[in-house]
Protein chains: 2
Amino acid sequence: MNSEAVSKKIYIEIVKKIRKMIDEDGLKPGDKIPSERELSERLQVGRSSVREALRAIELLGLIETRRGEGTFLRDARGNQMVQLLSTFILQDQKAVKDLKDTIQFIEMDCLRVILQRNNDEGIHHYRQTVEMLDDVSDDEFFLKMVELTDNHLLYRIWVVLNDFYRSLDLKKETSSKPAYLAVLDALMNGEEKEVIEKYKKLRKLL
Amino acid sequence: MNSEAVSKKIYIEIVKKIRKMIDEDGLKPGDKIPSERELSERLQVGRSSVREALRAIELLGLIETRRGEGTFLRDARGNQMVQLLSTFILQDQKAVKDLKDTIQFIEMDCLRVILQRNNDEGIHHYRQTVEMLDDVSDDEFFLKMVELTDNHLLYRIWVVLNDFYRSLDLKKETSSKPAYLAVLDALMNGEEKEVIEKYKKLRKLL
DNA sequence: ATCCGCAAGTGGTCTGACCACGCTGTATAT
DNA sequence: ATATACAGCGTGGTCAGACCACTTGCGGAT
């Protein structure tokens with residue numbers, strides 16, 4: 001029963017098998033995955049090991065467990081991760097500044113990518129959307145912006161950090177529509193310096 | 001936020017208590033933390049719950065478990081996280097490109113920060129170090145660079161992503177010393193455009 | 001003094017049990 | 001016939017105890 005060479009932790013293997021299972025069964029966000037007991041039986045491992053694996057996947061924000069109902073796939077958004085990060089990483093004021101800085105670095109990176117891609121139609125379409133809406137929050141504006149960048153990893157990082165930042169109850173500054181439009185216009189104009197300038201104005205960094 | 005919420009999972013609470021314990025006892029990297037059985041008894045919870053908490057902390061790269069020895073604090077570097085990320089996020093080639101891009105975005109952000117800080121002495125000192133060493137790897141060069149940025153969060157993210165990227169066995173390109181020096185010189189010169197240009201040359205992006 | 005082996009301690013895993021909660025089908029009341 | 005209440009079942013959450021695998025260190029044998 002115990003083949004050698006398997007000194008690795010079981011739960012890591014289980015994570016991989018569950019991932020494979022999700023792939024093969026073509027499960028999508030919202031779908032239910034097998035119960036802990038069924039996984040335990042199908043994979044021939046103890047339920048506690050299955051739970052350790054699920055905990056890890058949950059930490060990555062990929063599943064959600066609901067007592068009495070089951071375990072479900074979710075559209076990856078950091079959740080537990082945020083809680084734990086806040087427990088460990090947020091120990092001094094410097095950390096908050098680092099967090100804020102990092103979020104803004106990513107946002108500027110996104111702007112640069114969008115600028116370089118030179119996708120005027122996409123930007124124009126987005127500008128129209130913004131113009132129509134009555135109130136736009138910074139979150140919405142940049143979420144869309146980061147999505148436009150089409151870098152899933154960067155998107156994930158930004159979402160986690162932004163959720164985290166919002167979870168601290170600092171004053172949430174919201175900018176005005178003209179500030180958003182100014183950034184978008186600068187993007188269409190095509191001057192990096194101007195884009196960054198408008199961005200910093202929006203974020204009140206000047 | 002701090003309301004009852006009795007429905008919270010025990011293991012989250014345990015994580016917080018362990019963190020507090022580490023603080024109060026003044027434990028440092030390398031130190032041993034109490035055994036699972038002792039934690040279980042001291043916190044009056046089941047050992048399996050303690051294990052789920054330790055798994056979470058391990059995922060964050062903050063502890064290391066050694067069978068037969070115990071559990072030890074470590075100098076936070078993403079480890080298990082990397083393995084799990086690779087299991088889940090690395091599903092297509094696009095993901096690899098996103099990863100590479102993201103690493104490079106962060107590196108450029110660091111360069112911009114260093115540039116703005118205008119810390120000539122620090123850069124000069126670093127330049128001397130590089131000049132003396134016989135061979136410098138990209139990893140070493142940028143690790144130092146990200147450290148210089150003095151943003152612990154950004155540092156952590158970079159380390160995780162970079163470890164991850166290195167763990168895929170793609171060809172590891174190493175640049176020549178002149179390329180490093182060119183970036184450093186550009187930093188001292190103070191022109192952002194030139195810094196980015198030298199960086200891209202180093203990364204062979206031109 | 002050196003070496004070896006065994007006991008103790010630790011993490012890794014499994015099993016079985018019980019609780020808390022959500023859902024659903026059925027029996028009951030209207 | 002319809003609406004409501006409730007009990008049973010399946011699920012995740014937690015606990016206790018038992019082994020196993022591995023490391024260390026102590027004590028006895030040489």
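Chain identifiers are assigned alphabetically (A, B, ...) following the order of the sequence lines, protein sequences preceding nucleic acid strands; residue numbering begins at 1 within each chain.
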Scoring nucleotides 4-9 of chain D by protein non-hydrogen atoms under 4.0 Å (B base, S sugar-phosphate only, - none) yields ------
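For A:Phe72 and C:dC21, the CZ to P distance is 17 Å, given to the nearest whole Å. In this entry the distance linking CD of A:Glu64 with C1' of C:dG22 reads 14 Å, nearest Å. As rounded to whole Å, 18 Å separates atom C1' of D:dC15 from atom OH of B:Tyr11. Rounded to an integer number of Å, the gap from CD1 of A:Ile10 to P of D:dC22 is 13 Å.
Ion pairing between A:Arg55 and A:Glu58 holds under the 4.0 Å rule for side-chain N and carboxylate O. Between A:Arg203 and A:Glu107 there is a salt bridge, with a side-chain nitrogen of the basic residue lying less than 4.0 Å from a carboxylate oxygen of the acidic one. With respect to the salt-bridge test (charged N to carboxylate O, under 4.0 angstrom), the residues A:Glu41 and A:Arg37 do not qualify. A salt bridge between B:Lys20 and B:Asp23 is absent, with no side-chain N of the basic residue lying under 4.0 Å from a carboxylate O of the acidic one. With respect to A:Asp109 and A:Arg112, a salt bridge is recorded, a charged nitrogen being found less than 4.0 Å from a carboxylate O.
Environment of NZ in B:Lys177: crowded, with over 12 heavy atoms of neighbouring residues, nucleotides or ligands closer than 6.0 Å. For NZ of A:Lys32, the number of neighbouring non-hydrogen atoms (other residues, nucleotides, ligands) closer than 6.0 Å is greater than 12. Under a cut-off of 6.0 angstrom, the local environment of NZ in B:Lys204 is crowded, with over 12 non-hydrogen atoms contributed by other residues, nucleotides or ligands.
The shortest distance between the side-chain N/O atoms of B:Thr65 and the OP1/OP2 oxygens of C:dT10 is not below 4.0 Å. Put simply, B:Ser49 has no side-chain N or O that comes within less than 4.0 Å of OP1 or OP2 on D:dG13.
Applying the 3.5 Å distance criterion, the base of D:dG10 shares no donor-acceptor pair with the side chain of A:Arg67.
Two end axes, each from the C1' atoms of five base pairs, can be drawn for the helix from C:dA1-D:dT30 to C:dT30-D:dA1; they diverge by 20°, to 10 degrees.
The closest side-chain donor-acceptor pair between B:Tyr180 and B:Asp138 falls under 3.5 angstrom. Under the 3.5 Å distance criterion, with hydrogens and angles disregarded, no donor-acceptor pair is assigned to the side chains of A:Lys144 and A:Thr129.
In this pair, A:Phe142 and A:Tyr199 present their aromatic rings perpendicular. The plane angle is above 60°, beyond the 30 to 60° band.
Within 4.0 Å (heavy atoms only), A:Arg51 reaches at least one base atom of the nucleic acid.
Both B:Leu54 and A:Ile14 lie near DNA chain C, and the one whose nearest nucleotide falls closer to the 5' end is B:Leu54. DNA chain C is contacted by both A:Gly68 and A:Glu52; A:Glu52 maps to the nucleotide lying nearer its 5′ end (nearest heavy atom per residue). In terms of position on DNA chain D, the residue among A:Lys32 and B:Val50 whose nearest nucleotide sits closer to the 5' end is A:Lys32. Projected onto DNA chain D by closest heavy-atom contact, A:Arg47 and B:Glu69 fall at different nucleotides, the more 5' of which corresponds to A:Arg47.
Side chain of A:Ser48, nearest nucleotide from C:dC14, D:dA18, D:dT11: C:dC14. Of the candidates C:dG11, D:dG12, D:dG13, the closest approach to any side-chain atom of B:Thr71 belongs to C:dG11.
Pairing each heavy atom of A:Ile157 with each of A:Ile106, the nearest pair is CG2-CD1, 3.7 Å.
Within a heavy-atom distance below 4.0 Å of DNA chain C, the residues of residues 34-44 of chain B found are B:Ser35, B:Glu36, B:Arg37.
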